[in-house]
Amino acid sequence: MDIRSLYGATGMFTYDPGFTSTASCESKITYIDGDAGVLLYRGYPIQQLAEHGDFLETCYLLLYGELPTGNQKAEFDYRITRHTMVHEQMARFFQGFRRDAHPMAVMVASVGALSAFYHDSTNINDPVERMVASTRMIAKIPTLAAMAYKYSIGQPFVYPKNDLDYTSNFLRMCFAVPCEDYKVNPVLSRALDASSSSTPTTSKTPPPPPSAFRARRAPIPSPASRRASLRSGGRRMAAPMKPC
């Protein structure tokens with residue numbers, strides 16, 4: 001039922017605090033019905049994507065609208081892997097935070113700071129620049145997340161390695177230390193990959209665009225900041241990881 005003209009015709013608003021019966025947009029990318037346990041990405045059930053694909057394949061599907069061929073997947077993986085490093089000045093950027101700052105709060109700030117380093121992909125109205133920015137976001141978010149975690153426990157940052165897959169790289173950046181080799185557990189890597197492929201925002205309705213939506217990368221820190229709250233989509237967030 002389209003009620004956009006309700007206020008103009010009656011002078012009245014609807015009252016739906018939890019947005020349980022209200023949709024704010026249409027999406028060709030995802031469909032979610034939490035009560036029925038249904039989540040579709042571009043029409044594909046998320047269970048199938050998690051079981052038969054990996055996280056980057058799901059990213060490709062969301063970006064391009066269809067699953068990749070073997071060659072397309074290999075080229076996409078290569079492109080993401082070669083963009084995982086962040087500017088070295090980001091390491092000094094992290095030093096401005098308290099050691100006990102919540103990692104998600106650090107993530108919000110560090111993701112927003114990326115636009116200070118990449119001026120060639122800030123025009124959201126340009127499809128080429130949007131794709132460049134999307135590639136960088138997918139590639140660099142694990143690096144920034146690992147840096148936020150390492151900073152919170154007082155350990156040195158670990159650089160990504162191009163010979164590791166996406167999830168294994170993230171695990172290594174989180175848990176490796178310079179004084180010894182780190183071997184990624186393939187079972188944990190696959191479990192994390194499947195979990196990442198099937199973890200959308202848990203809210204039924206996406207947030208309205210921020211007032212600074214057209215600002216550089218403004219849409220990215222906005223959902224990240226929602227997840228930094230005590231509750232995310234009705235689920236209580238886990239406490240930050242602590243070192244053994």
J.: When you measure from the side chain of Thr69 to the backbone of Gln72, do you find a donor-acceptor pair of N or O atoms at a distance under 3.5 Å?
T.: yes
J.: What heavy-atom pair brings Tyr118 and His87 nearest, and what distance separates the two atoms?
T.: OH-N, 4.0 Å
J.: What distance do Leu56 atom CG and Phe76 atom CZ have between them, rounded to the nearest 0.5 Å?
T.: 6.0 Å
J.: Taking Thr143 for the side chain and Thr84 for the main chain, is one N or O donor matched with an acceptor at less than 3.5 Å?
T.: yes
J.: Any ion pair linking Asp54 and Lys73 (charged N to carboxylate O, less than 4.0 Å)?
T.: yes
J.: Hey, quick one: are Phe93 and Ile141 part of the same hydrophobic cluster, counting side-chain heavy atoms closer than 4.5 Å, chains of contacts allowed?
T.: yes
J.: Could you tell me if Ser189 and Ser168 have a donor-acceptor pair between their side chains, going purely by distance under 3.5 Å?
T.: yes
J.: With hydrophobic residues grouped by side-chain heavy-atom distances under 4.5 Å, do Leu63 and Tyr31 end up in a single group?
T.: no
J.: Is the side chain of Lys150 donor-acceptor paired with the backbone N or O of Val158 at a distance under 3.5 Å, no angle test?
T.: no
J.: Do the charged groups of Asp120 and Arg136 touch, with an N to O distance under 4.0 Å?
T.: yes
J.: Just checking Asp163: does its CG atom have more than 12 heavy atoms from other residues, nucleotides or ligands closer to it than 6.0 angstrom?
T.: yes
J.: Got a sec, which residues hit side-chain hydrogen bond (donor to acceptor under 3.5 Å, both in side chains) with Glu75, two or more places apart in sequence or on another chain?
T.: Arg79
J.: Where the side chain of Asn169 meets the backbone of Lys161, is there a donor-acceptor pair that is under 3.5 Å apart?
T.: yes
J.: Please walk me through it: do Leu114 and Leu144 pass side-chain contact (heavy atoms from CB on, under 4.5 Å)?
T.: CA-CA 10 Å; Leu114 287 179; Leu144 293 176; 3.9 Å; yes
J.: Short question: side chain of Arg42, backbone of Ile29 - any donor-acceptor pair under 3.5 Å?
T.: no
J.: Got a donor-acceptor contact below 3.5 angstrom from the Arg82 side chain to the Asp77 backbone?
T.: no
J.: Please step through side-chain contact (heavy atoms from CB on, under 4.5 Å) for the pair Phe175 and Tyr149, ending with a clear verdict.
T.: CA-CA 9 Å; Phe175 303 115; Tyr149 171 59; 3.9 Å; yes
J.: Is the count of non-hydrogen atoms from other residues, nucleotides or ligands lying under 6.0 Å from Tyr182 atom OH greater than 12?
T.: yes
J.: Which atom names give the shortest non-hydrogen contact between Met107 and Ser110, and what distance separates them?
T.: O-OG, 3.1 Å
J.: Answer yes or no: does atom CZ of Phe117 have more than 12 heavy-atom neighbours from other residues, nucleotides or ligands under 6.0 Å?
T.: yes
J.: In this structure, is the centre-to-centre distance between the rings of Phe94 and Phe157 below 6.0 Å?
T.: yes
J.: Under the side-chain hydrogen bond (donor to acceptor under 3.5 Å, both in side chains) criterion, do Gln48 and Tyr41 qualify, and how do the steps go?
T.: CA-CA 10 Å; Gln48 294 181 14; Tyr41 282 165; over 6 Å; no
J.: According to the interplanar angle, ranging from 0 to 90°, do the rings of Tyr60 and Tyr64 count as parallel (below 30°), tilted (30 to 60°) or perpendicular (above 60°)?
T.: tilted
J.: Nearest 0.5 Å, please: how far is CE in Met90 from NZ in Lys140?
T.: 10.0 Å
J.: Hey, is CZ on Arg99 packed in by over 12 heavy atoms from elsewhere, all under 6.0 Å?
T.: yes
J.: Are Phe97 and His102 packed together at the side-chain level, in the sense that at least one heavy-atom pair is separated by less than 4.5 angstrom?
T.: no
J.: Could you go through the side-chain contact (heavy atoms from CB on, under 4.5 Å) check for Thr81 and Tyr166 one step at a time?
T.: CA-CA 7 Å; Thr81 301; Tyr166 188 82; over 6 Å; no
J.: Under a single-linkage definition using a 4.5 Å side-chain heavy-atom cutoff for Ile, Leu, Val, Met, Phe, Trp and Tyr, are Val86 and Tyr159 assigned to the same hydrophobic cluster?
T.: no
J.: If every non-hydrogen atom of Gly112 is compared with every non-hydrogen atom of Ser115, which pair is closest and at what distance?
T.: O-OG, 3.1 Å
J.: Is a side-chain donor or acceptor of Ser195 paired with a backbone partner of Ala191 at a separation under 3.5 angstrom?
T.: no
J.: Of the non-hydrogen atoms in His52 and Arg190, which two are nearest, and what is the gap between them?
T.: N-NH2, 4.4 Å
J.: Which heavy atom of Arg130 sits nearest a heavy atom of Ile124, and at what distance?
T.: NH1-O, 2.7 Å
J.: Check this for me: Asp181, atom CG, are more than 12 non-hydrogen atoms of other residues, nucleotides or ligands nearer than 6.0 Å?
T.: no
J.: Taking the side chain as every heavy atom from C-beta outward, state whether Ile3 and Thr14 have any atom pair closer than 4.5 Å.
T.: yes
J.: From Ile80 CD1 over to Asn162 CG, what is the distance, rounded to the nearest 0.5 angstrom?
T.: 12.0 Å
J.: Quick check for you: to the nearest 0.5 Å, what is the distance between Met147 atom CE and Cys174 atom SG?
T.: 12.0 Å
J.: Which heavy atom of Tyr151 sits nearest to which heavy atom of Gln95, and what is that distance?
T.: OH-O, 3.5 Å
J.: Take Met137 and Val111 through the side-chain contact (heavy atoms from CB on, under 4.5 Å) test and state the conclusion after the steps.
T.: CA-CA 8 Å; Met137 285 294 101; Val111 170; 4.1 Å; yes
J.: Quick one: pull up CG in Leu61 and CG in Leu67 and give me the separation to the nearest 0.5 Å.
T.: 5.0 Å
J.: Applying the 4.5 Å side-chain criterion to the ILVMFWY set and letting contacts propagate, would Leu39 and Leu62 be lumped into a single cluster?
T.: yes
J.: So, taking the atom named CG in Asp165 and the one named CG in Asp193, what distance separates them when rounded to the nearest 0.5 Å?
T.: 7.0 Å
J.: Starting from Met173, can I reach Leu171 by hopping between I/L/V/M/F/W/Y residues whose side chains sit under 4.5 Å apart?
T.: no
